[in-house]
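Reminder, nothing fancy here: chain letters follow the sequence lines and each chain counts from 1.
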There are 2 protein chains.
Amino acid sequence: MDQKAFFQKLVSFATSVHQVTNEMTKDIKSDDITLVQYGILQYIAVSQPVTLSEISDCQRISMPNTSREIKKLCEKKLCEKVTDPQDRRKQYIRLSRDGEVLMNEDFNRMEAIFLKRIQGASDKEMDEIGRALDLLHTKVFYVDAR
Amino acid sequence: MDQKAFFQKLVSFATSVHQVTNEMTKDIKSDDITLVQYGILQYIAVSQPVTLSEISDCQRISMPNTSREIKKLCEKKLCEKVTDPQDRRKQYIRLSRDGEVLMNEDFNRMEAIFLKRIQGASDKEMDEIGRALDLLHTKVFYVDAR
DNA sequence: TCTTTTGTTTATCATTTGATAAGTAAAAGG
DNA sequence: CCTTTTACTTATCAAATGATAAACAAAAGA
């Protein structure tokens with residue numbers, strides 16, 4: 001396969017992943033949280049504990065705006081701030097109990113949708129899918145260490 | 001592998017794809033187009049010609065707002081409306097010359113980033129990645145026919 | 001100790017976005 | 001024809017978001 005075709009395959013794949021996951025989050029947007037806030041919560045869920053700076057970096061939201069959104073999320077009791085005892089400038093953010101519950105619900109809903117999509121696959125196919133995920137995750141869609 | 005672990009792998013993979021592609025588009029946001037508008041342009045690029053209703057459906061933007069954003073994009077000369085001669089209510093949207101140029105630049109930039117990520121992979125590995133992409137694209141991250 | 005740097009906050013403002021109500025024009029259906 | 005449906009548009013308003021300036025307190029460095 002020539003290189004151009006290969007990259008088109010990659011780009012079109014990434015686009016599809018976006019479309020599929022967007023479709024999943026459409027129903028989710030449960031409470032009165034916005035999409036930006038949902039994105040932040042997801043990031044916290046997979047990377048906690050995180051500092052405000054890390055959220056700002058990874059979600060591409062300026063520090064002042066990150067601070068504002070986290071404040072709102074804390075007011076909604078979905079996450080909590082903990083001051084680092086070693087460096088009292090730092091604030092570690094974690095999901096609160098309620099936040100954990102919310103995110104778990106959402107992940108379960110995503111699971112259900114994925115399950116629907118791959119229902120009918122044999123054990124062998126599931127294995128292949130698992131290996132394909134590992135391969136792409138490590139070789140192409142790895143996330144830089146922070 | 002148990003089912004729970006399998007889905008966690010899927011979710012974490014989808015999250016990584018999001019993070020990686022978000023990182024790509026951060027530099028892109030070249031002209032004075034917003035992220036929403038960029039999303040619309042990307043959708044047009046891969047699916048053109050599209051109607052306003054299709055954009056509205058797939059991007060989850062209400063018709064009035066879709067209409068407004070397309071109007072802005074047309075004013076910026078990035079896309080064009082063509083009335084369907086068969087059904088004069090329908091408006092087909094396509095990228096304009098400038099729009100094609102813009103999207104090509106962006107796709108090339110994405111290609112370059114992907115290339116950097118998989119540089120050093122042997123032909124055999126490239127083949128494996130290609131097959132993994134096909135597998136996941138058809139079995140898991142397929143996009144429903146419209 | 002004094003200055004600089006780092007991590008975060010507050011405040012303010014313009015712009016973008018989302019939601020809704022009310023419209024137009026063309027096609028489809030009776 | 002006349003009514004209904006479809007595809008889209010215009011207008012308006014509140015809310016969310018992005019960008020910027022200015023502040024603060026703690027830590028690091030001179």
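Note on ring orientation: taking the six-membered ring where Trp is involved, the planes of B:H18 and A:H18 are tilted (angle from 30° to 60°). Relative ring orientation between B:F114 and A:F7 is described as parallel, the plane-to-plane angle staying below 30° on a 0-90° scale split at 30° and 60°.
Distances were taken from every side-chain heavy atom of B:I61 (C-beta onward) to each of C:dG18, C:dT8, C:dT20; the shortest belongs to C:dG18. Closest approach to the A:M63 side chain among C:dA19, C:dT8, D:dC8 is made by C:dT8 (side chain taken as heavy atoms from C-beta onward).
In this structure, A:I55 places its CD1 atom 14 Å from P of D:dG18, rounding to the nearest Å. One can place CD1 of B:I33 at 12 Å from P of C:dT16, the figure rounded to the nearest angstrom. B:L52 has its CG atom 13 Å from the C1' atom of D:dT6, to the nearest Å. When the C1' atom of D:dC8 is taken as reference, atom OH of B:Y92 falls 14 Å away, rounded to whole Å.
In terms of heavy-atom proximity, A:I118 sits nearest to B:K139 at CG2-O, 3.7 Å. Pairing each heavy atom of A:T66 with each of A:I61, the nearest pair is OG1-O, 3.1 Å. Across every non-hydrogen atom of B:L135 and A:A132, the tightest pair is CD2-CB, 4.0 Å.
A heavy-atom distance below 4.0 Å to DNA chain C is reached by these residues of residues 81-91 of chain A, ordered by number: A:K81, A:R89, A:K90, A:Q91. Within residues 65-75 of chain B, the residues having any heavy atom closer than 4.0 Å to DNA chain C are, in order of number, B:N65, B:R68, B:E69.
Ion pair A:E69/A:K72 flagged as a salt bridge, since at least one NZ, NE, NH1 or NH2 atom sits closer than 4.0 Å to an Asp/Glu carboxylate oxygen. In this structure, B:D106 pairs ionically with B:R109, as a charged nitrogen and a carboxylate oxygen lie closer than 4.0 Å.
Atom NZ of B:K81 has more than 12 neighbouring heavy atoms from other residues, nucleotides or ligands inside a 6.0 Å radius. The 12-atom threshold is not exceeded at CZ of B:R94, counting heavy atoms of other residues, nucleotides or ligands nearer than 6.0 Å.
Between the side chains of A:Q42 and A:Q59, not a single donor N or O lies within less than 3.5 Å of an accepting N or O.
Going from atom OH of A:Y38 over to atom CD1 of A:I33 covers 7.5 Å, rounded to the nearest 0.5 Å.
The overall bend of the helix from C:dT1-D:dA30 to C:dG30-D:dC1, read as the angle between its terminal helix axes built from five base pairs each, is 30° when rounded to 10 degrees.
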